[in-house]
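In what follows, a single structure is set out as structure tokens and then discussed.
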Amino acid sequence: MTDSPESTGGETAPDQTDLLQSLTAWQQAILQGANFSIIATDENGVIVSFNPAAERMLGYSADEMIGKMTPGVLHDPEELADRARELSEELGTVVAPGYATFVTKANLGIAEEREWTYLRKDGSRLPVLLSVTALRRPDHTILGYLGIAVDITERKRLEQAIAAAQAREVGQYEQRLRLSNKVFEYSSEAIMVTDADSRIINVNPAFTGLTGYRADEVIGKTPSILSSGKHDRNFYEAMWQNLLTDGQWAGEVWDRRKDGSIYPKWTVINAVRENGVTTHYVALFSDISERKEHEERINYLARHDHLTGLPNRLMFHERMQHALARAERNSNRLALVFIDLDRFKNINDSLGHFFGDQLLIQTAQRLRSGVRVSDTVARLGGDEFLVVLENVGDQNRCAQLLVHLHERLEQPYRIEEAVIHAPPSIGVALYPDDGADIVTLMRHADTAMYQVKAKGRNGWSFYAPRMNDEVQERIVLERDLRLALARGEFVLHYQPQWDLTNDCLFGWEALVRWQHPQRGLVPPDKFIPIAEETGLIVPLGDWVLETACREIRDWEQEGLGSYRIAINLSARQFTQQALGERIEAILAATGLAPGRLELEITESVLMEDADLTAEILQRLKQLGVTIAIDDFGTGYSSLAYLKAFPVNKLKIDRSFVRDIVSDPNDAAIVSAIISMARSMGLVTIAEGVETEAQRDFLMAQGCQELQGYLFGRPMNASAVRSFFGGQDGPGGAVSGNAKQMPLPSATIQ
Ligand SMILES: Nc1nc2c(ncn2[C@@H]2O[C@H](COP(=O)(O)O[C@H]3[C@@H](O)[C@H](n4cnc5c(=O)[nH]c(N)nc54)O[C@@H]3COP(=O)(O)O)[C@@H](O)[C@H]2O)c(=O)[nH]1
């Protein structure tokens with residue numbers, strides 16, 4: 001620092017005195033007010049001035065510092081030594097660590113501002129930016145030095161923070177890089193990197209695992225080395241179009257491995273762009289063969305019936321839609337064929353699901369091999385099949401196809417050792433004749449199929465519009481029938497049975513009727529077939545058995561006489577394994593002696609499931625229940641069957657009785673039945689006897705029992721009671737003894 005004017009002494013002109021005073025005042029102001037440290041030394045480095053900012057920054061007072069050598073007090077000797085070495089190298093001359101280190105450059109007139117570390121009084125370090133200026137006399141000799149230092153603590157802190165952040169970022173970047181390399185190396189997905197010209201520049205080990213190509217075999221080549229040839233030019237053009245516009249493409253690609261095998265892969269390609277320019281492409285891909293197999297399997301299962309392998313409802317709809325579109329386009333006719341197997345439920349219930357399944361499988365095979373490959377055969381579920389016959393020509397040609405299809409399905413099935421009959425009911429609707437859409441055609445084919453069933457099953461029929469009403473009627477009846485039992489709408493009527501040998505009333509046949517709330521009394525012919533088809537016959541049959549046994553028992557207890565009750569059992573009831581037990585339980589519950597119960601079954605029951613039927617009949621025989629074969633003569637009339645089963649009675653069908661006196665054929669049939677039964681030790685009963693002539697003929701042939709309007713029409717239980725009681729009450733007209741019942745002249749009307 002320069003000395004003050006007072007200390008310099010000497011004479012000064014008045015105007016110069018003012019100037020000097022003014023300068024001194026400025027200097028003082030600067031020294032006092034500066035926010036940076038100003039330390040002035042003499043030419044030897046002894047501090048001569050130490051401004052307030054220096055005091056604040058360094059913790060020393062001016063009094064403490066003035067007179068001291070600066071480096072010794074304020075500087076770190078190590079820093080001085082380092083700087084001296086640097087300066088020596090820079091200037092090519094030895095600079096001693098000490099005061100010279102600060103002033104050498106100033107002495108040379110080089111202005112320099114550099115960082116130093118001041119040592120504070122409390123020992124802490126203060127980074128500063130220090131510039132040292134030499135103060136010279138007019139003759140240029142050195143008067144002293146002025147050191148101006150700015151506190152750069154904050155700047156250093158910021159610099160350090162920035163450096164630390166940069167270091168952190170670099171660290172993170174390096175870490176990411178290491179991680180990326182690891183991902184590349186260990187990824188299970190194959191990765192292929194190409195340059196902007198699609199030359200492969202790197203691939204990972206998973207790539208080698210998947211394609212069979214080592215890195216050195218593909219680097220420098222284009223990805224076309226992998227191509228399978230399965231995709232056309234358009235495919236790759238679309239891929240590139242996407243890559244160029246969106247910078248990305250994802251999709252399924254079929255490629256070829258080094259060993260030549262072809263496989264599907266899922267591929268994602270990303271363009272790597274820097275400043276909008278594509279520098280690389282990165283493709284990731286994985287083998288999706290397994291996934292595709294799963295997808296195909298799921299797709300197959302969703303569209304096929306698992307038992308028969310035929311298309312299911314979903315696939316049928318798809319195929320039908322296409323078939324209809326083709327038929328429309330080509331203006332030709334299409335047949336939708338609806339097939340239902342008669343007796344499938346019976347077979348399934350009685351023989352078990354294995355047989356049911358085998359039956360469906362064989363039906364599917366017959367259908368498949370009975371139509372053209374281009375036709376569709378589908379299974380809707382249960383025993384319902386659909387066939388779509390395309391381009392069937394006219395109705396006659398179509399009819400031929402259906403006859404052929406029906407014949408195939410009508411043949412008995414051989415399952416294990418069993419021979420099973422499950423003929424089909426087939427309904428057909430034609431496009432465009434019967435409808436133009438799937439729903440209408442399905443409905444009409446279904447209607448036609450129902451019509452076949454209503455007409456006795458096992459056949460086929462085209463749809464005719466009027467069928468709809470009949471089918472609708474049947475649907476309504478079926479709905480009502482399901483509710484009838486719970487609503488107590490069934491009643492039993494009883495028809496007398498006459499013993500010719502003893503000339504007396506010996507029993508009654510129970511005949512069910514349905515007291516419909518709107519339709520009135522519905523005869524069994526109208527609802528028994530529906531009840532059989534729907535399975536309702538089982539609970540209904542139980543109800544008939546229980547009611548008839550109880551009523552006949554009640555009559556006995558009321559003193560009206562002890563009669564046998566004949567009850568009809570349908571074939572469907574015989575498919576129940578526990579039928580014997582149930583009848584036994586009903587007899588026990590109602591208290592009716594088993595010998596008073598007669599069950600009427602048709603021949604078809606014996607034919608259907610011989611083993612099960614024999615087992616049930618044997619059990620019933622042991623109980624003491626008797627068995628009559630109903631409608632005899634209308635079916636197989638097989639002697640072999642009659643011998644094999646514990647049958648007691650043959651009931652001659654009324655169709656033979658009707659013209660027995662006028663038609664020699666009927667007369668011959670009836671006498672043959674009677675004599676055959678006699679030779680086998682079986683009783684015969686003739687039904688539908690309406691005239692005395694019929695009665696006399698039958699009596700003359702040796703028929704033992706009769707039933708028919710001649711002896712009485714079916715009547716309800718209260719009519720039976722009034723019949724017994726007559727005007728005189730119970731025991732009056734018949735008085736519990738059938739022998740006393742009046743002969744035909746007293747026929748019950
Ligand atoms: N599974 C069951 N089937 C039953 C039951 N109840 C009746 N049915 C069967 O329904 C068919 C029709 O029976 P239905 O209308 O009652 O007719 C019976 C008689 O009314 C009729 N019959 C009797 N005598 C005469 C006559 O002189 N002339 C004439 N035209 N008809 C007459 O015959 C029917 C008796 O038939 P069947 O059983 O063969 O002896 C019928 O097949 C019944 O079996 C039932 O509860 N369960």
Side-chain angles (χ1 to χ4, degrees), residues 346 456 481 484-485 489-498 505 507-515 520-552 564-576 579 583 586 597-605 608 627-635 649-661 684-695 697-698 703 705-717 719-720 744 747-749:
N346 262 344
L481 190 63
L485 199 60
E489 291 174 1
F490 292 109
V491 286
L492 284 186
H493 281 196
Y494 299 91
Q495 186 175 29
Q497 293 186 328
W498 197 261
L505 174 75
W508 302 84
E509 181 181 7
L511 294 159
V512 70
R513 272 96 181 90
W514 177 12
Q515 189 64 56
L521 206 62
V522 183
D525 288 341
K526 281 264 183 280
F527 64 88
I528 292 284
I530 304 176
E532 282 178 340
E533 247 169 56
T534 54
L536 285 167
I537 193 70
V538 175
L540 174 60
D542 282 356
W543 178 86
V544 170
L545 271 164
E546 203 173 325
T547 310
C549 290
R550 182 167 294 113
E551 283 194 323
I552 208 87
R564 176 175 287 178
I565 182 78
I567 296 174
N568 292 283
L569 284 191
S570 87
R572 186 75 191 266
Q573 284 170 279
F574 262 82
T575 60
Q576 313 293 305
L579 181 65
I583 292 174
I586 288 170
L597 174 63
E598 183 162 279
L599 298 175
E600 292 190 9
I601 58 175
T602 56
E603 281 176 280
S604 58
V605 172
E608 272 183 17
I627 306 295
I629 302 297
D630 203 1
D631 306 333
F632 194 78
T634 57
K649 194 182 278 185
L650 299 185
K651 192 168 193 182
I652 303 167
D653 191 66
R654 66 171 184 273
S655 58
F656 301 112
V657 175
R658 194 179 55 225
D659 300 325
I660 204 169
V661 286
T684 43
I685 178 167
E687 68 176 347
V689 181
E690 296 184 2
T691 66
E692 292 183 4
Q694 288 166 339
R695 179 202 63 187
F697 178 89
L698 288 161
C703 180
E705 297 171 0
L706 300 179
Q707 181 183 340
Y709 294 169
L710 183 67
F711 303 97
R713 287 174 181 265
M715 62 191 97
N716 63 25
V720 172
T747 298
I748 309 158
Q749 293 300 326

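Read the numbers this way: they start at 1 and go in the same order the structure lists the ligands and their atoms.
Using a 4.0 Å cut-off to heavy atoms of V544, the atoms of ligand 1 that qualify are 46 (O). Within ligand 1, counting atoms from 1 as listed, the ones closer than 4.0 Å to a heavy atom of P714 are 20 (O). Near E600, meaning under 4.0 Å from any of its heavy atoms, are these atoms of ligand 1: 38 (O), 40 (O). For ligand 1, the atoms lying closer than 4.0 Å to a non-hydrogen atom of G688 are 25 (C), 26 (C), 27 (O). Close approach to G708 involves these atoms of ligand 1, each under 4.0 Å from a residue heavy atom: 24 (N), 27 (O). Listed by number with element, the atoms of ligand 1 under 4.0 Å from a non-hydrogen atom of E690 are 26 (C), 27 (O), 28 (N), 29 (C), 30 (N). Set against the non-hydrogen atoms of S570, the atoms of ligand 1 under 4.0 Å away are 1 (N).
The nearest protein atom to atom 14 (P) of ligand 1, hydrogens excluded, is given as P524 CG, 3.6 Å; this is a heavy-atom distance. In this structure, the protein non-hydrogen atom closest to atom 25 (C) of ligand 1 is Y709 CE2, 3.3 Å. Ranking the protein heavy atoms by distance from atom 35 (C) of ligand 1 puts E687 OE1, 3.8 Å first. Among protein heavy atoms, atom 2 (C) of ligand 1 sits closest to N568 CB, 3.5 Å. Nearest protein heavy-atom contact of atom 33 (O) of ligand 1 is R654 NH1, 2.6 Å. The protein heavy-atom contact nearest to atom 41 (C) of ligand 1 is D525 OD1, 4.4 Å.
Here the side chain of T534 pairs a donor or acceptor atom with the backbone of A531 at under 3.5 angstrom. Looking only at distances, a side-chain donor or acceptor of Q694 sits under 3.5 Å from a matching main-chain atom of V657.
Using a cut-off of 4.0 Å between Lys/Arg side-chain N and Asp/Glu carboxylate O, K651 and E509 are scored as salt-bridged. Between E532 and R572 there is no salt bridge, since no side-chain N of the basic residue sits under 4.0 Å from a carboxylate O of the acidic one.
Contact annotation: the side chain of F632 never approaches that of I685 to less than 4.5 Å [non-hydrogen atoms, C-beta and beyond].
The aromatic rings of F527 and W514 lie perpendicular to each other, with more than 60° between the two planes, well past the 30° mark.
Residue I552 holds its CD1 atom at 8.5 Å from CD1 of I567, rounded to the nearest 0.5 Å. We find the CD1-CD1 distance between I652 and I629 to be 13.0 Å, quoted to the nearest 0.5 Å. Taken to the nearest 0.5 Å, the CG atom of L485 stands 8.0 Å off from the CG atom of L536. Distance CG/L511 to CD/E600: 8.0 Å, rounded to 0.5 Å. Interatomic distance, I565 CD1 to R550 CZ, rounded to the nearest 0.5 Å: 13.5 Å.
Remark: distances from the non-hydrogen atoms of R713 to ligand 1 are all 4.0 Å or more.
Considering backbone and side-chain N/O of Q573, none are found under 3.5 Å from N/O of ligand 1.
Between the choices E509, R513, H493, the shortest heavy-atom distance to atom 16 (O) of ligand 1 belongs to R513. Taking all heavy atoms of L511, V512, T691 into account, the minimum distance to atom 46 (O) of ligand 1 is reached by V512.
Of the protein's heavy atoms, at least one falls inside 4.0 Å of atom 20 (O) of ligand 1.
Contacts of D631 with ligand 1, taken as heavy-atom pairs under 4.0 Å, involve the side chain alone. At a 4.0 Å heavy-atom cut-off, ligand 1 touches Q495 through the side chain alone.
Side chain to side chain, Q707 and E687 fail the donor-acceptor criterion of an N or O pair below 3.5 Å.
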